[in-house]
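Count residues from 1 along the sequence.
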Amino acid sequence: VVANKGSTNMIIIRQSSHPPFRLENHTMFPLHFGQSATRIGTEDSEIDAMLLPYQSTDFAWDEPELRRRILVVRLADSPQSPQGCTLGRFQLDTLAPGTILALERGSFAGEIVADGPTRVMRITDST
């Protein structure tokens with residue numbers, strides 16, 4: 001909220017009670033995720049957060065002013081996947097609730113669901 005009263009400007013920042021997105025990890029593996037400034041289909045180095053198994057976290061864009069907002073989701077390094085593995089690159093702003101995600105690894109499934117005004121990206125084991 002910005003209010004202009006004479007020569008004084010006042011900016012009030014309120015914390016939102018409804019985040020735009022939530023990520024849910026319903027797998028046995030930790031996931032890395034982060035915002036990418038690159039195009040879909042290119043390598044990414046902007047993985048900056050981890051989501052532990054069976055946990056969830058609220059998500060908002062780190063840089064919302066970017067024209068291309070892509071969320072990159074990767075498996076964390078593990079003995080089964082030493083290099084990690086990209087599950088997908090997603091333009092969350094364009095995905096509607098009810099969307100089934102095409103993941104790059106067949107042993108996982110993904111979907112977008114709604115929780116009030118929040119869009120939830122849910123990653124699960126498909127086995």
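- Residues satisfying the side-chain contact (heavy atoms from CB on, under 4.5 Å) criterion with T124, sequence neighbours excluded, are H26, A109, R122.
- Scanning both residues, A76 and M50, for their nearest heavy atoms gives CB-CE, 4.3 Å.
- Screening I70, V72, L95 for a side-chain contact (heavy atoms from CB on, under 4.5 Å) with F90, the sole residue that qualifies is L95.
- The shortest distance between side-chain heavy atoms of P97 and V113 does not fall below 4.5 Å.
- When the side chains of ILVMFWY residues are joined at heavy-atom separations under 4.5 Å, either directly or via intervening members, I112 and F59 end up in a single hydrophobic cluster.
- The CG atom of L87 lies 6.0 Å from the CG atom of L31; values are rounded to the nearest 0.5 Å.
- Residues passing the salt bridge (Lys or Arg N to Asp or Glu O under 4.0 Å) test with D58: none are found, sequence neighbours excluded.
- Using a 4.5 Å cut-off between side-chain heavy atoms of Ile, Leu, Val, Met, Phe, Trp and Tyr, with links allowed through other members, V120 and V73 fall into different hydrophobic clusters.
- Classification of the F21-W61 ring pair by plane angle, with boundaries at 30° and 60°, yields perpendicular.
- Taken from CG in L71 to OG in S36, the straight-line distance is 9.5 Å, to the nearest 0.5 Å.
- Between M28 and D125 the shortest heavy-atom distance is N-OD2, 3.5 Å.
- Rounding to the nearest 0.5 angstrom, the gap separating the CZ atom in R105 from the CD1 atom in I123 is 13.0 Å.
- Taking CD of E24 as the start and CD of Q55 as the end, the distance is 11.0 Å to the nearest 0.5 Å.
- Atom CG of L51 and atom CG of N25 lie 5.0 Å apart (nearest 0.5 Å).
- Side-chain contact, T86 with R74: a donor N or O sits under 3.5 Å from an acceptor N or O.
- Annotation: the span from Y54 atom OH to T27 atom OG1 amounts to 6.5 Å, rounded to 0.5 Å.
- Applying the salt bridge (Lys or Arg N to Asp or Glu O under 4.0 Å) test to R119 and every residue at least two apart in sequence or in another chain returns nothing.
- With a 4.5 Å cut-off on side-chain heavy atoms, D115 and R22 count as touching.
- Of the possible donor and acceptor atoms, one in the side chain of S126 sits under 3.5 Å from a partner among the backbone N and O of G106.
- Contact of the M121 side chain with the L101 side chain is registered, since non-hydrogen atoms from C-beta on lie closer than 4.5 Å.
- By the rule that hydrophobic residues join a cluster once side-chain heavy atoms approach within less than 4.5 Å of another member, F29 and L103 end up as members of one cluster.
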